[in-house]
Amino acid sequence: MRKNIVAGNWKMNTTVPEGVELAKAVNDAVAQAQDLKCDVVIGVPFTHLTAVKQVIDINKVGLAAENCADHNSGAYTGEVSAPMVASTGANYVILGHSERRGYYNESYEMLKTKVDLALEAGLKVIFCCGESLEEREAGKVEDVIKAEISESLFHLTPEQWTNIVIAYEPIWAIGTGKTATNDQAEEVHAFIRGLVAEKFGKQIADDTTILYGGSCKPSNAPELFAKPDIDGGLIGGASLKAADFMGIVTAF
Ligand code: PEP
């Protein structure tokens, strides 16, 4: 069965005490909410994972790291591996965010390795893909998405695939206030589901959760989430205030 998910991506925001407060507020709001139609996940900086884990009910609020290393251990100063993330009690990792691809040169091959190590460590992966404005204007949306997904994920087995969530995040809509229209987003989501169906079959494609990300907020979430192939959101800016985030969580 396909799951709806709303996941926050705090990026490099909040100190540990601020993050703990925010996580508590989200956890309390989720605990009090009646009849939620989606799973809730918060993606937090590495430094926050252990402290945040202590103040949430992991059965109600999933916990994600925003990245992990492409090695499991060793002489990689400053890196944090998937087993380290899993040892905090986190159950998800966000991989392939356009900020990681763009600022830190994460390649298809590197992401493929990160995905493998994350799955091996028992983490679920929220895997981001999305085109730039230039790529959209050049009519390359489908080529870009196909390459990002197939090069880093299509070596997985159907069983492994059950731990993958896709997040479509057009780069031009991230943090810009410009949201893709419902129809623009739905078109790409349907394309992604089609790609998954070609590779893994219709049943697995139907069961795959595909999130939209890019300036999603309480005011535009209901229309986006009403589309048949949009199963929730990956939320940046609006995940930094519990009330805004909950406004999206309750948008289904
Ligand atoms: C993101 O970075 O994953 C994101 C969707 O950001 P925002 O919601 O701020 O556009």
Side-chain angles (χ1 to χ4, degrees), residues 4-14 18-19 22-23 26 38-46 48 61-68 90 92-106 111 114-115 118 123-133 135-136 141 144-145 148-149 152 164-182 184-186 188-189 192 209-225 227 229-252:
N4 293 326
I5 300 176
V6 172
N9 173 18
W10 293 1
K11 311 194 186 192
M12 196 173 72
N13 291 299
T14 73
E18 288 165 353
L22 177 55
V26 170
C38 66
D39 286 3
V40 178
V41 178
I42 49 178
V44 312
F46 290 133
H48 297 35
V61 178
L63 180 60
E66 299 172 14
N67 181 29
C68 70
Y92 281 87
V93 61
I94 299 168
L95 292 175
H97 193 282
S98 57
E99 288 152 16
R100 301 281 335 159
R101 292 179 193 265
Y103 302 149
Y104 303 99
N105 300 319
E106 294 197 355
L111 286 168
K114 290 187 178 198
V115 167
L123 297 168
K124 294 184 173 69
V125 173
I126 299 175
F127 185 86
C128 306
C129 59
E131 80 288 356
S132 66
L133 189 58
E135 288 164 340
R136 175 163 281 268
V141 177
V144 170
I145 302 293
E148 288 181 340
I149 291 181
S152 301
I164 301 290
V165 171
I166 302 287
Y168 168 58
E169 300 206 306
I171 298 170
W172 48 271
I174 295 180
T176 58
K178 272 190 203 167
T179 320
T181 65
N182 310 329
Q184 278 173 325
E186 169 59 21
V188 181
H189 281 235
I192 293 170
T209 299
I210 308 177
L211 310 180
Y212 168 77
S215 299
C216 187
K217 37 191 187 280
S219 57
N220 58 24
E223 285 178 12
L224 284 160
F225 297 175
K227 290 290 181 185
D229 290 295
I230 302 182
D231 311 313
L234 180 58
I235 317 299
S239 69
L240 292 170
K241 289 209 175 106
D244 289 349
F245 187 58
M246 289 309 295
I248 299 172
V249 166
T250 52
F252 284 98

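Every heavy atom of this structure was used, including side-chain atoms; hydrogens, water molecules and symmetry mates were not. Read the numbers this way: they start at 1 and go in the same order the structure lists the ligands and their atoms.
The side-chain hydrogen bond (donor to acceptor under 3.5 Å, both in side chains) analysis of residues 230-241, with sequence neighbours excluded, yields the pairs R2-D231, R193-D231.
With I166 as the fixed residue, the side-chain contact (heavy atoms from CB on, under 4.5 Å) test singles out one of I126, I210, I145: I210.
E66 and H97 share no donor-acceptor pair across their side chains, judged by distance under 3.5 Å alone.
The salt bridge (charged side-chain N to carboxylate O under 4.0 Å, His left out) check on E148 picks up R101, with sequence neighbours excluded. Partners of E131 according to the salt bridge (charged side-chain N to carboxylate O under 4.0 Å, His left out) rule, which considers only residues two or more places apart in sequence or in another chain, are R136.
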Just the distances, no angles: every ligand 1 N or O to protein N or O pair closer than 3.5 Å, one line each.
unit_1: ligand 1; atom_1: 2 (O); unit_2: K11; atom_2: NZ; d: 2.5
unit_1: ligand 1; atom_1: 2 (O); unit_2: H97; atom_2: NE2; d: 2.7
unit_1: ligand 1; atom_1: 3 (O); unit_2: H97; atom_2: NE2; d: 3.0
unit_1: ligand 1; atom_1: 3 (O); unit_2: E169; atom_2: OE1; d: 3.1
unit_1: ligand 1; atom_1: 3 (O); unit_2: E169; atom_2: OE2; d: 2.7
unit_1: ligand 1; atom_1: 8 (O); unit_2: G236; atom_2: N; d: 2.9
unit_1: ligand 1; atom_1: 9 (O); unit_2: G237; atom_2: N; d: 2.8
unit_1: ligand 1; atom_1: 10 (O); unit_2: G175; atom_2: N; d: 2.6
unit_1: ligand 1; atom_1: 10 (O); unit_2: S215; atom_2: N; d: 2.7

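For the atom pair H48 NE2 and E18 CD, the distance stands at 7.5 Å (nearest 0.5 Å).
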